[in-house]
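Below is one structure; the comments refer to it alone.
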Amino acid sequence: MHRKVFYLGTTLIWSGCTCASEVTIAPPRVPEGGRAVAIAVNQSNQKNLIVATESGGLFRTFDGGASFQHLDAFPTYAPIDVAIASTNPNVVIATARDDFRVKSGGGIWRSADGGASWSRPSGWPPDSSATCPS
């Protein structure tokens with residue numbers, strides 16, 4: 001047994017492998033960010049991404065993540081998911097959880113200009129005065 005451990009250790013030293021990690025993991029320094037919960041990638045330009053964060057809204061990058069801009073017009077701080085349309089990268093769909101405001105920002109949101117402005121699709125939110133069929 002000791003001989004196997006010796007040979008394994010010797011092999012690792014000769015191969016240049018060490019147990020010390022040289023990888024440093026640090027969160028990106030993005031103000032207002034929070035943890036990323038979803039990432040959408042533009043299919044025609046993979047350096048163009050939109051990231052949904054747990055408590056900071058949406059962020060866009062055009063350089064593969066070297067820099068980000070906050071999409072200030074997104075109406076809530078609590079996105080759940082985000083997608084970029086494959087046929088038109090200016091169309092972005094995002095969903096958000098209830099933010100418990102008087103007029104909730106939760107639900108479905110659509111942008112036709114790459115995230116500069118947002119609106120709800122027709123029929124959302126559902127009409128609360130309608131009754132459910134029995």
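Every heavy atom of this structure was used, including side-chain atoms; hydrogens, water molecules and symmetry mates were not.
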Shortest non-hydrogen contact from [X] to [Y]?
X: G115; Y: A73; value: O-CB, 4.2 Å
X: A38; Y: D81; value: CB-OD1, 3.4 Å
X: A40; Y: A83; value: CB-CA, 3.8 Å
X: R110; Y: I93; value: CG-CD1, 3.5 Å
X: D63; Y: A66; value: OD1-N, 3.0 Å
X: G105; Y: A96; value: O-CB, 3.6 Å

List, by chain and number, the other hydrophobic cluster members for V92, where Ile, Leu, Val, Met, Phe, Trp and Tyr join if side-chain heavy atoms come within less than 4.5 Å, directly or indirectly.
-> I50, L58, L71, F74, V82, I84, W109, W118
S111 side chain to V91 main-chain N or O, any donor-acceptor pair under 3.5 Å?
-> no
Which one of I39, T53, L49 satisfies the side chain to side chain contact (heavy atoms under 4.5 Å, CB included) criterion with F59?
-> T53
Kindly write out the residues that satisfy side chain to side chain contact (heavy atoms under 4.5 Å, CB included) with [X], not counting sequence neighbours, or none if the list is empty.
X: Q69; value: R60, F62
X: S44; value: N42, P89
X: S117; value: D113
X: N90; value: N88

Residue set satisfying side chain to side chain donor-acceptor pair (under 3.5 Å) with T95, at least two apart, ordered chain then number -> none
Pairwise distance CD(Q43) to OG1(T87) - rounded to 0.5 angstrom = 9.0 Å
